[in-house]
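Data first, discussion second: the structure below is written as structure tokens.
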Amino acid sequence: MSNTSATAFEKARADGRAALVGYLPAGYPDVDGGIDALRCLVDSGCDVIEIGLPYSDPVMDGPTIQAAAQHALEGGVRTRDVLRTVEAVAATGVPTLVMTYWNPVERYGVPRFAADLASAGGAGLITPDLTPDSAPEWIAAADEHDLDKVFLVAPSSTDARVAMTTAACRGFVYATAVMGVTGARTTTSDLAGPLVARTRQTTDLPVGVGLGVSNGDQAAEVASYADGVIVGSAFVRALLDQDDRAAGLRALAALTEDLAAGVRRA
Amino acid sequence: MSNTSATAFEKARADGRAALVGYLPAGYPDVDGGIDALRCLVDSGCDVIEIGLPYSDPVMDGPTIQAAAQHALEGGVRTRDVLRTVEAVAATGVPTLVMTYWNPVERYGVPRFAADLASAGGAGLITPDLTPDSAPEWIAAADEHDLDKVFLVAPSSTDARVAMTTAACRGFVYATAVMGVTGARTTTSDLAGPLVARTRQTTDLPVGVGLGVSNGDQAAEVASYADGVIVGSAFVRALLDQDDRAAGLRALAALTEDLAAGVRRA
Amino acid sequence: MTSTPHAPARASSYDADERGWFGDFGGRFMPEALVAALDELTEAWQDAMADPAFVASFEAICRDYAGTPSRLYEARRLSDKVGARILLKREDLNHTGAHKIRNVLGQALLTQRMGKKRVIAETGAGQHGVASATAAAYFGMECTVYMGAVDVKRQALNVARMNLLGAKVVSVDGGSATLKDAINEALREWVSTVDHTAYLFGTAAGPHPFPSMVRDFARGIGDEARAQCLEQYGVLPDAIAACVGGGSNAIGLYQAFLDDEDVAIYGFEPGGDGVETGRHAATIHAADSGVLHGARTYVLQDEDGQTIESHSISAGLDYPGVGPQHAHLAKTGRVTYLPITDAQAMDALSLLSRTEGIIPAIESAHAIAGALDVAKRLGEEKGPDATVLINLSGRGDKDMETAMEWFDL
Amino acid sequence: MTSTPHAPARASSYDADERGWFGDFGGRFMPEALVAALDELTEAWQDAMADPAFVASFEAICRDYAGTPSRLYEARRLSDKVGARILLKREDLNHTGAHKIRNVLGQALLTQRMGKKRVIAETGAGQHGVASATAAAYFGMECTVYMGAVDVKRQALNVARMNLLGAKVVSVDGGSATLKDAINEALREWVSTVDHTAYLFGTAAGPHPFPSMVRDFARGIGDEARAQCLEQYGVLPDAIAACVGGGSNAIGLYQAFLDDEDVAIYGFEPGGDGVETGRHAATIHAADSGVLHGARTYVLQDEDGQTIESHSISAGLDYPGVGPQHAHLAKTGRVTYLPITDAQAMDALSLLSRTEGIIPAIESAHAIAGALDVAKRLGEEKGPDATVLINLSGRGDKDMETAMEWFDL
Ligand SMILES: Cc1ncc(COP(=O)(O)O)c(C=O)c1O
Ligand SMILES: Cc1ncc(COP(=O)(O)O)c(C=O)c1O
């Protein structure tokens, strides 16, 4: 059976709601702590999990995720630790993707990474700095290992590029709702709706909207026009803001429940 | 009666010896202390006195005289204090000249300076940075006030310039025995003898040799070929090296006596 | 010197394909959000380079404002020392003291043509930041410069210079808080302001079209030098040499000579404490392919593809990547790249200072150091008419504190 | 720009007589020990200037090594601001960053012609010292630079620069331990080494022949600018302007224009805290005639003729004397000299930086400040074609620490 994230979106759609997609970097605060945190997201209502691969040069990330990833790297997290994290989280049955800048994958070896990700139970990859037109090697490897290929569309993407991108996606399409880096925002973007509409004209894949959502109300708003609500920085923030791990997990659970309620409210 | 330094040289020549010409800046350690020091030179055997006018930019002076002049200026010595010093020293009857850079004289007013110097009993001026070809105003004023005009010749002077210079001198001719600034030296210069000889070919004026003499033996050596031995830095050094004034005067007297013996030994 | 008109930009056999690939290197590994801007820039650049009015205007500004064509100077005393003719391309005499002014003037002129009124730039030691602030002042544009917090502290004078020129300097705390992180931050900023802001990239690296575009704006160096050498000596040089950081001055020199098969081409990389120590920035020597800042190229990286901090006494060469065209030129063997240690570079800096009265930038001193070895060898083979043309990419004024420490002055 | 050949040196109606007198000013008030050397120098200089081979060789070195002719640059944004055409003579782009390289190359070439192998020089902030060390390195001569102890401390970077260039720097403790004392000490040193040593004097002051000789070596500025202005605009400028320290850059600019009666000429002196405060270096404004460093000229002095310490934010203008030809030009009324305060100069520095992307030396900023006032007035009278040509005598890199303090950057 193909372990694609699409199944989770379908299930949510069947429930008449959007899916909640939760992101946390692997290795924060350490590898096992990261696994606990990700499992907490699963337990508290996330439908799909994105595991960030910490990278030294994260050009699409805002200060929150940068800080967590840097902490993870300084703690010695390795690519193999990310795969172990995938394995532990995917074991819950929730579709689990890796979100990664391209160089660590290229360095690991693209076919090898695809193989190891698949055998860890991972659903696929989200690639913030790899667009389909630069991704032939990844596309081939993903297809060979039956993995999701989640590419991004942006408000600045031309219609032609949106079409080209969605045609290459599998699992879902990641719509970056603001022109900007990751980071919780107090208001959602008015660029998101039109982008989702433009995206839907090119594909039947579910469209997840990311960047900026930090509470249930925002989640509800996004859920009103998107198939998935992607939350990252807000989760990291919840962990960063707490001094001890137990408190961090409690905060994470509370936020996830708020967001899960949000996607059901729309 | 003309108060020219030539008379002192004549008297020395009559004694079969060279004249001892002593230099100290006015105002060092203060105006009265300077007068005491200069009188000490007279009392201990100098035949001619040069009083230095402290100047801010003494390009012909080495570190010893620079230091004393700077001390004098910082103590507030003025041109009028120099003239007062002249008056006090000239009162002893020893021919007393002022050695000065040109700007203070120009600033005082050349005719006025000549007049005031003459009425203070001064014998004339030694002008280290004024050559006869740049000195028409001074020559006119000196002649009007019957003052000595002591210009310098140097080892680098051409024969023509030596002739031009000595023709403009009155009193004596100042031969700078080394190519260099004022300052006591351990050996005398082998440029001095030839320079004195060249100078004598152009004039009957006495020729004093300066720069570097610091003890009786050197004085004796210079006295063997020159009409006058000019000593400056060594006197200043004697004062600078002593902490209290009485000791300074004793050192000055001892040095003067050594030098006076030297000019008699040749 | 008579003025040597800029030859019309000619392609070389080592140019990128239309998608920015130099053989296995280059391309565009960028967030989708920036792709439209990069496409727009690519089109505007190609359109501009094909427009004689733009080219003429760029040349006029370089000439009247920046002082190009820079002189090709025969360093006679140095030539005597090594036994071969040493020619120095005097980019150190350009306005702001390095080749970098050409690139920023080109990019800013293009920005003006595109109707944008604001530029951003990254900077390491501050050279490209000062150049960008200068170009922005010249064109009356707003300018923000991103600079690692560590560099902001180390390079207070350059920060002041940028401020004086009216630019805003943003201190970047993330990562190692140095050049590569300043690039990251500038890219982040660009994503959110791309509609009215141009990113003036400081070297011939990054995603397509930057490696080719920066090269086009820097290639006056080689176009001029080639014409000057022919005019003054009637022959092409036997060898040419440049230092290689990101690679803009080097590719700017090389481009005109790439298809001159008899001209040997050298690139000298920052060898830091010595490549064997691991403390260096000799990216091509390390020859480890990867993706950094939007292009596939050689990258200093660990086993997991995490970027490794580079080390060089020269701030302007202290970068863990290199322009993709250089990776291609290295792989094809057209250019020979060799590492030069800090110590070799500083010796060359001292030698040129004493022998010719020219204090080079420490970057350029790497080129001098390496090229003199080449020249000695060529001189022995071919005699004193053997000619080595070195790009003196910048002046050393900015490096005096480093030199004081190094030489204990 | 096409190269503008250096016009053959023409005399002006304001030249010195054969003994170095400019009307009441100039002459030679020097120890007899130096007169022979000054005579020898006078003869060698006159002989050289009459020798086309020497003149050609000087021009070739300035061109190939120092980068002359410097550009005449139309500062368009600044022109728009003031309503008149502002032309900047870009001496800041010369090798070592100022007009001063012309003078030292000329004097060093003459030294070589005279068969001497060693040079000495004085320096204040270090600019002339660096230039002299540069020229000495270029010609392979030994070089010692005298520098006030206070300045040695303040200008550590320039001391390092001179050391790198192979020069020896001697710290001078006497007097105020600044520029004038460095001159005194250099003269003292010269007396004892005059047979094999040349004294490279740093400005158009001092005893004959220095004021005329330094002017001859600097006059390329004005010769070029005059030809460039005619070539580029078909007319002479309405006014020209320079800053005046010792006066070399100013006289270098003026000389070609002195007999162009329709060209108004301005010199801007360092007004320090304001001439009314007494803390300034506006020697001509003070108009007090005296003898300093071998010439009769205007001197800052007290009632007894003791030199007074000058004050200026600009180290290169901070000198209590001025070249005698300027005193003459002031007295005859041919040139209008006006003081510019520290604050006015720093405002102009900031303005030029932001408006044109050119950070001028603080010295040159005095010229900018004064000339912009002139330009505004002329623009109102004659419209935007009114042309003011300003000598941008040097670049501001050396002044960044002062600027940081002043602007609190
Ligand atoms: C003088 C000089 N040369 C060379 C470089 C290196 O850059 P690139 O390799 O892009 O020429 C720099 C960078 O700051 C520089 O300032
Ligand atoms: C850039 C610059 N301009 C002007 C001057 C003043 O000298 P002058 O008046 O001789 O031109 C200096 C002296 O250091 C200088 O560095």
Could you give me the CA-CA distance, side-chain angles and deciding distance for D/Arg188 and B/Gln66, then say whether side-chain contact (heavy atoms from CB on, under 4.5 Å) is met? CA-CA 12 Å; D/Arg188 289 178 194 120; B/Gln66 277 180 53; 3.0 Å; yes
Heavy atoms only, distances under 4.5 angstrom: which of [options] has the most pairs with chain D? Name it, please.
options                               : value
B/Arg80, B/Arg78, B/Met60             : B/Arg78
B/Ala67, B/Pro58, B/Ala69, B/Pro54    : B/Pro58
B/Ala135, B/Pro63, B/Pro104, B/Pro132 : B/Pro104
B/Asp61, B/Leu53, B/Thr165            : B/Asp61

Calculate, to the nearest 0.5 Å, the distance between atoms [atom1] and [atom2] belonging to [X] and [Y] respectively.
X        : Y        : atom1 : atom2 : value
D/Asp195 : B/Met179 : CG    : CE    : 7.5 Å
B/Asp133 : D/Arg28  : CG    : CZ    : 8.0 Å
B/Asp57  : D/Asp181 : CG    : CG    : 6.5 Å
B/Ser56  : D/Asp302 : OG    : CG    : 7.5 Å
B/Ser134 : D/Arg296 : OG    : CZ    : 9.0 Å

Are any non-hydrogen side-chain atoms of D/Glu32 and B/Phe151 less than 4.5 angstrom apart? no
Among residues 152-160 of chain B, which residues come closer than 4.5 Å to chain D, judged by heavy atom distances? B/Leu152, B/Val153, B/Ala154, B/Ser156, B/Ser157
May I ask you to list the residues in residues 36-44 of chain D that approach chain B closer than 4.5 angstrom, counting heavy atoms only, ordered by number? D/Ala36, D/Asp39
Charged N to carboxylate O below 4.0 Å: is that the case for D/Asp288 and B/Arg107? yes
Is a donor on one side and an acceptor on the other found under 3.5 Å between the side chain of [X] and the backbone of [Y]?
X        : Y        : value
B/Gln70  : D/Gly175 : yes
B/Asp129 : D/Phe29  : no
B/Asn103 : D/Gly305 : yes

Side chain / backbone / both / neither for D/Glu185 at chain B, heavy atoms under 4.5 Å: side chain
Atom group of B/Tyr55 that falls short of 4.5 Å from chain D, counting heavy atoms: both
Write down the atom of D/Ser192, the atom of B/Gly180, and the distance for their closest heavy-atom approach. CB-CA, 3.9 Å
Could you walk me through whether D/Val35 and B/Arg161 pass the side-chain contact (heavy atoms from CB on, under 4.5 Å) test, one step at a time? CA-CA 9 Å; D/Val35 168; B/Arg161 284 198 64 85; 3.2 Å; yes
